[in-house]
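For ligands, and for the atoms within them, numbers begin at 1 and follow the listed sequence. Small disclaimer: the values here were computed from a predicted structure and weren't measured.
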Amino acid sequence: MAEEKVIDETIQGNSLTLKNKKDNTRKLYIESYGCAMNFSDSEIVASILSKEGFNTTKVLEDADLVLVNTCSIREKAELTIRKRLEKFNAVKRTRPHLKVGVLGCMAERLKSQFLEEEKIVDMVVGPDAYKDLPNLIKEVDEGRNAINVILSKEETYGDVAPVRLNTNGISAYVSITRGCDNMCTFCVVPFTRGRERSREPQSILEEVNDLWNRGYKEITLLGQNVDSYLWYGGGLKKDFNQATEMQKATAVNFASLLEMTAVAQPKMRIRFSTSNPQDLTLDVVKTMAKYNNICKHIHLPVQSGSDRILKAMNRLHTREEYFTLIDNIRQIIPDCAISQDMIAGFPTETEEDHKDTLSLLEYVKYDFGYMYSYSERPGTMAARKLEDDVPEADKKRRLAEIIALQRQHSGYRLQQRLGKIDEVLIEGESKRSTEHWMGRNSQNAVVVFPKEEGSQVGTFVNVKIEDCTTGTLLGSIVKN
Ligand code: SF4
């Protein structure tokens with residue numbers, strides 16, 4: 001699924017800092033944009049470079065190397081990144097030895113333009129070439145522009161333990177798959193992240209165990225399309241049919257991986273993202289139901305409620321099939337939260353199609369969602385084959401209608417929790433008051449409640465839900 005689309009606006013452009021190593025002499029400034037996957041990648045990159053003599057800094061003017069991890073999903077993000085590159089180049093005038101590199105999706109798409117035509121960067125690294133970074137930096141040190149955008153067929157993060165010292169110390173992301181074979185026509189992922197491949201379960205479990213030992217209480221298994229996870233000894237998902245009988249018989253799918261993770265750390269909360277309707281199996285939903293520590297939330301983007309548009313998007317399911325899936329989820333886990341991604345104004349979308357989207361929203365009543373109006377991404381099938389023909393004003397109005405309806409449904413879902421006692425993992429202080437904690441329940445809703453003696457960040461408490469605002473549940477701790 002388009003993991004890239006789940007974009008947390010509050011952390012865009014944040015720079016990462018890790019614990020300094022005493023012997024490191026050079027300074028890295030690394031800034032990230034886009035989806036959770038990009039932020040997780042920045043940690044991996046910083047971890048690789050820490051072994052190459054770089055400590056992280058938050059002060060741009062102190063840096064010897066500036067990296068910006070980019071996102072190509074939205075035009076606005078690209079503009080922001082271009083502005084940042086101009087700023088980096090201004091700093092370069094006073095620090096001539098400073099090197100600037102671009103990582104991530106935008107790097108892949110604009111590689112030669114950045115290096116050769118505009119000459120605004122020293123280094124371009126696609127999402128699958130991070131292991132090559134030390135070599136690239138050597139080349140750049142020697143005065144060459146470096147480019148590495150090869151879509152590698154092997155794991156890029158195999159033996160690299162991401163360092164996560166800058167996070168809240170409670171929740172962490174664990175990458176389990178890369179790439180996507182689905183070829184949705186609006187999406188750049190298949191081109192920027194390459195063919196789909198899965199990470200070895202043992203290394204995933206080791207990372208999860210290590211995170212638990214370091215005090216983490218919640219992990220999110222992360223991938224563009226997690227339900228498509230399939231480990232059969234390495235190799236691309238598409239080559240599975242050529243695997244040996246033995247490999248096929250011992251293959252690990254996502255339901256098994258989820259179960260292995262839940263069993264390995266029974267006190268740790270397990271989340272996952274993102275799910276694609278055509279790949280989410282009922283086995284996964286049943287595994288969620290079986291283990292208390294697997295959170296009851298599925299991010300299940302649909303993008304449109306119209307069969308005709310779903311087809312044009314090359315989504316390989318119908319509206320009816322999606323409804324059946326939703327019905328099954330609700331039957332197996334009645335209080336499972338479901339969230340969406342939606343695109344308004346995809347090429348050729350009519351008012352009729354838009355109404356289908358509204359009626360789909362009405363049917364599902366999602367807990368929350370990420371909604372966009374269509375903007376063409378260069379390189380995608382839609383950009384090549386379909387004219388972006390829905391007038392901007394129609395796109396805007398349709399998007400506003402979708403958002404308004406989603407707001408109602410989010411409110412409805414929050415209301416449904418009133419009177420319930422929810423287990424909440426405390427993540428920190430409420431933004432509005434130092435007297436209150438904020439955390440999330442299993443359904444991923446934010447819960448705010450007064451601090452009580454003995455409660456602290458990183459602990460689980462039971463909270464009686466007494467009230468809600470438009471986006472937050474309010475309650476108070478109940479003693480067991
Ligand atoms: S191609 Fe489709 S399923 Fe794959 S990442 Fe993009 S939107 Fe998700």
Side-chain angles (χ1 to χ4, degrees), residues 1-7 34-41 70-74 77 104-106 108-109 126-128 151 156 173 175-199 220-230 236-238 240 253-254 272-281 284 298-307 309-319 321-322 325 338-347 349 357 360 369-386:
M1 247 18 254
E3 184 57 40
E4 267 70 358
K5 293 206 177 52
V6 183
I7 288 171
C35 62
M37 189 79 114
N38 267 7
F39 280 79
S40 156
D41 279 352
T70 61
C71 168
S72 220
I73 286 287
R74 290 178 303 166
C105 305
M106 196 173 160
E108 170 60 27
R109 208 163 61 69
D128 283 329
L151 295 177
T156 51
Y173 290 111
S175 295
I176 65 161
T177 68
R178 277 216 167 224
C180 185
D181 288 347
N182 276 346
M183 304 299 279
C184 301
T185 54
F186 55 83
C187 181
V188 288
V189 166
F191 306 102
T192 55
R193 305 255 177 192
R195 299 308 295 246
E196 191 176 309
R197 53 245 182 252
S198 297
R199 179 177 173 192
T220 303
L221 301 174
L222 194 65
Q224 260 87 32
N225 182 5
V226 284
D227 302 284
S228 178
Y229 177 89
L230 187 65
L236 300 178
K237 167 94 185 249
K238 74 172 181 58
F240 179 63
N253 65 13
F254 183 59
F272 57 89
S273 189
T274 297
S275 289
N276 184 331
Q278 84 208 41
D279 293 304
L280 174 65
T281 63
V284 169
I298 305 176
H299 184 56
L300 195 63
V302 63
Q303 315 293 7
S304 169
S306 148
D307 272 335
I309 297 296
L310 285 172
K311 203 157 179 214
M313 289 174 162
N314 196 32
R315 307 286 287 181
L316 300 179
H317 63 83
T318 62
R319 170 188 170 91
E321 283 163 345
Y322 189 79
L325 181 60
I338 303 176
S339 52
Q340 46 88 350
D341 286 353
M342 204 67 83
I343 298 173
F346 188 77
E349 187 188 77
T357 295
L360 179 137
Y370 301 92
M371 295 147 286
Y372 306 94
S373 62
Y374 177 75
S375 78
E376 196 173 78
R377 307 320 297 144
T380 58
M381 289 311 278
R384 272 183 260 167
K385 302 248 154 83
L386 298 168

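Taking 4.0 Å as the cut-off, N225 does not count as a neighbour of ligand 1 on heavy-atom distance. Judged by the shortest distance from any of its heavy atoms, Q303 lies outside the 4.0 Å radius around the atoms of ligand 1.
Of all heavy-atom pairs spanning R315 and N276, the tightest one is NH2-OD1, 4.3 Å. In terms of heavy atoms, R199 sits closest to S175 at NH1-O, 3.0 Å.
For the atom pair CD (E196) and CZ (F240), the distance works out to 12.5 Å, reported to the nearest 0.5 Å.
Using a 4.0 Å cut-off to heavy atoms of C187, the atoms of ligand 1 that qualify are 1 (S), 5 (S), 6 (Fe), 7 (S). In the vicinity of M183, heavy-atom distances shorter than 4.0 Å reach the ligand 1 atoms 1 (S). Residue N276 approaches ligand 1 through these ligand atoms, each under 4.0 Å from one of its heavy atoms: 3 (S). Here is the list of ligand 1 atoms found below 4.0 Å of a heavy atom in R315: 2 (Fe), 7 (S). Residue N182 has at least one heavy-atom neighbour below 4.0 Å for each of these atoms of ligand 1: 3 (S), 4 (Fe).
For the residue pair S304 / E349, no side-chain donor-acceptor distance below 3.5 Å is found, with atom types taken as modelled. For the residue pair T185 and K385, no side-chain donor N or O sits within less than 3.5 Å of a side-chain acceptor on the partner.
Each of N225, T281, D227 was compared with S275 under the side-chain hydrogen bond (donor to acceptor under 3.5 Å, both in side chains) criterion, and only D227 meets it.
By the side-chain contact (heavy atoms from CB on, under 4.5 Å) test, A312 pairs with F346, sequence neighbours left out.
Checking C184 against atom 2 (Fe) of ligand 1, an N/O/S atom falls under the 2.8 Å cut-off. Among the backbone and side-chain atoms of C180, an N/O/S atom is found under 2.8 Å from atom 4 (Fe) of ligand 1.
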